[in-house]
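Taking it in order: structure first as structure tokens, then the write-up.
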Amino acid sequence: MNIIKILKKTVIDSQIYVSLMGTLFAVFFMKEQNTFRFPTILLIFITYFSGYIYTKYQYTKYFFRILVLNAVAGIVCAFLIIHNHNEVRLLKWFIIVVLGLLYNSFFLEVYIRKIPLLKVFYVGLVWALVNCWLTLPEFSLPIFLISFFYITALVLPFDIRDMNSDTVKTFPMMIGIQNTKYIAYGLVFISSLIGIFYLKPQYAVAFFLSSITTYIFIYFSENKRDDTYFSFGVETCSALPFLFLLIMEYF
């Protein structure tokens with residue numbers, strides 16, 4: 001039990017885990033599009049990690065440290081882009097970073113997280129832009145839609161978890177847990193359907209298997225469940241397409 005608590009504190013609560021899951025989700029599409037590059041993977045991980053720790057710790061006593069860390073992360077990301085890519089990739093990255101700041105920042109009077117019902121779609125938007133725009137020479141609408149619907153569905157269980165503590169109206173508060181699950185099911189179904197028609201066969205199968213697993217996690221999502229179910233279990237669903245792909249390739 002102590003090991004689990006240590007892992008939760010050092011890996012999950014530190015935002016390393018969600019950043020890794022987001023990165024692996026992007027890697028899945030990079031491999032499918034033959035754009036896999038280690039500098040890009042590092043860029044995506046640093047961007048996710050710095051963004052999530054900024055969101056979590058900006059109102060704490062660690063605020064100054066977080067600002068310094070984010071400044072260093074920004075310099076490293078800019079170096080990675082300039083050294084390995086071009087100014088267009090730098091502009092794309094900058095726009096995505098600004099969108100992340102608009103989600104929740106102390107210097108904004110009204111930010112996205114305060115707007116009822118918008119949060120789930122906004123998170124899906126930002127993750128989708130990383131997959132379909134940042135890592136590709138041109139914007140890919142199918143990858144955008146696959147990513148957008150899938151990630152939006154995965155955010156809904158977190159709203160179920162937080163429905164008794166959220167100060168902003170969310171889907172579970174307004175339409176109930178079961179109806180929120182129905183929306184999540186529908187979003188995953190649309191995402192997997194697009195994946196079947198657009199992705200290469202092996203990738204489509206990996207994504208379909210991920211969708212089935214995601215259905216199971218959504219089905220058992222309840223606001224009384226331990227936080228680990230969501231921060232580890234549901235969060236892992238975003239990495240499942242890549243993990244299933246690995247299993248299919250090597251086993």
Side-chain angles (χ1 to χ4, degrees), residues 14-58 62-108 111-113 115 118-152 154-155 191 199 235 238-239 241-242:
S14 67
Q15 308 305 303
I16 291 175
Y17 194 72
V18 62
S19 303
L20 178 61
M21 296 301 100
T23 303
L24 292 180
F25 191 51
V27 169
F28 173 77
F29 293 104
M30 290 169 65
K31 286 178 66 66
E32 201 271 342
Q33 293 289 305
N34 294 318
T35 59
F36 181 90
R37 293 187 65 188
F38 283 108
T40 306
I41 295 172
L42 184 59
L43 168 68
I44 294 172
F45 177 80
I46 294 174
T47 301
Y48 275 133
F49 180 66
S50 58
Y52 275 107
I53 61 171
Y54 170 81
T55 299
K56 183 172 182 177
Y57 294 107
Q58 62 178 312
Y62 304 110
F63 172 67
F64 181 74
R65 297 180 187 178
I66 295 303
L67 281 183
V68 173
L69 180 61
N70 274 262
V72 173
I75 294 172
V76 172
C77 287
F79 172 79
L80 285 170
I81 295 171
I82 294 171
H83 186 70
N84 296 282
H85 303 287
N86 52 49
E87 64 277 3
V88 176
R89 182 72 61 92
L90 184 62
L91 178 61
K92 292 179 180 180
W93 173 80
F94 179 75
I95 292 173
I96 290 173
V97 169
V98 171
L99 289 174
L101 290 174
L102 293 176
Y103 174 71
N104 181 14
S105 288
F106 70 95
F107 55 83
L108 297 175
Y111 44 81
I112 300 299
R113 200 171 184 178
I115 302 175
L118 185 58
K119 177 185 73 174
V120 293
F121 301 108
Y122 198 80
V123 174
L125 169 67
V126 174
W127 280 48
L129 287 176
V130 170
N131 296 343
C132 78
W133 192 45
L134 180 63
T135 64
L136 300 176
E138 296 181 359
F139 183 92
S140 171
L141 181 59
I143 291 180
F144 173 81
L145 294 175
I146 293 169
S147 303
F148 175 75
F149 290 126
Y150 189 70
I151 295 303
T152 300
L154 287 179
V155 178
S191 179
L199 298 175
E235 204 73 74
S238 54
F242 175 72

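- Note: Ile46 CD1 to Leu69 CG = 10.0 Å, rounded to the nearest 0.5 Å.
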Practice task
Check step by step if side chain to side chain contact (heavy atoms under 4.5 Å, CB included) holds for Thr40 and Asn84.
Solution key: CA-CA 8 Å; Thr40 306; Asn84 296 282; over 6 Å; no
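- The CZ atom of Phe25 lies 13.5 Å from the CE atom of Met30; values are rounded to the nearest 0.5 Å.
- Put simply, CG on Leu125 and CD1 on Ile151 are 12.0 Å apart, with the number rounded to the nearest 0.5 Å.
- A donor and an acceptor atom, one from each side chain of Tyr54 and Ser105, are located under 3.5 Å apart.
- Taking a 6.0 Å sphere around OH of Tyr62, one finds it holds 12 or fewer heavy atoms contributed by other residues, nucleotides or ligands.
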Problem - Step-by-step side chain to side chain contact (heavy atoms under 4.5 Å, CB included) determination, Val126 to Ile96 - result: CA-CA 7 Å; Val126 174; Ile96 290 173; 4.1 Å; yes
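- The aromatic rings of Phe49 and Phe45 lie parallel to each other, with less than 30° between the two planes, well short of the 60° mark.
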Exercise for the section: Would you check, one step at a time, whether the test side chain to side chain contact (heavy atoms under 4.5 Å, CB included) holds for Arg113 with Thr55? Expected result: CA-CA 11 Å; Arg113 200 171 184 178; Thr55 299; 3.7 Å; yes
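- Atom CG of Leu80 is separated from atom CH2 of Trp93 by 9.5 Å, given to the nearest 0.5 angstrom.
- Between the side chain of Ser50 and the main chain of Thr47, a donor-acceptor pair closer than 3.5 Å is present.
- How far CG of Leu118 is from CD1 of Ile112: 5.0 Å, rounded to the nearest 0.5 Å.
- In this structure, Phe38 and Phe36 have perpendicular ring planes: the angle between them is above 60°, well past the 30° mark.
- No donor-acceptor distance shorter than 3.5 angstrom exists from the side chain of Thr152 to the backbone of Phe149, with no hydrogens or angles considered.
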Handout entry: Full working for side chain to side chain contact (heavy atoms under 4.5 Å, CB included) between Ile75 and Phe79
Key = CA-CA 6 Å; Ile75 294 172; Phe79 172 79; 5.5 Å; no
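- One finds the OG atom of Ser19 at 11.0 Å from the CG atom of Leu24 (value rounded to the nearest 0.5 Å).
- Of the possible donor and acceptor atoms, none in the side chain of Lys31 sits under 3.5 Å from a partner among the backbone N and O of Phe242.
- The aromatic rings of Trp127 and Tyr52 sit perpendicular, their planes meeting at an angle over 60°, well past the 30° parallel limit.
- Atom CZ of Arg65 has 12 or fewer neighbouring heavy atoms from other residues, nucleotides or ligands inside a 6.0 Å radius.
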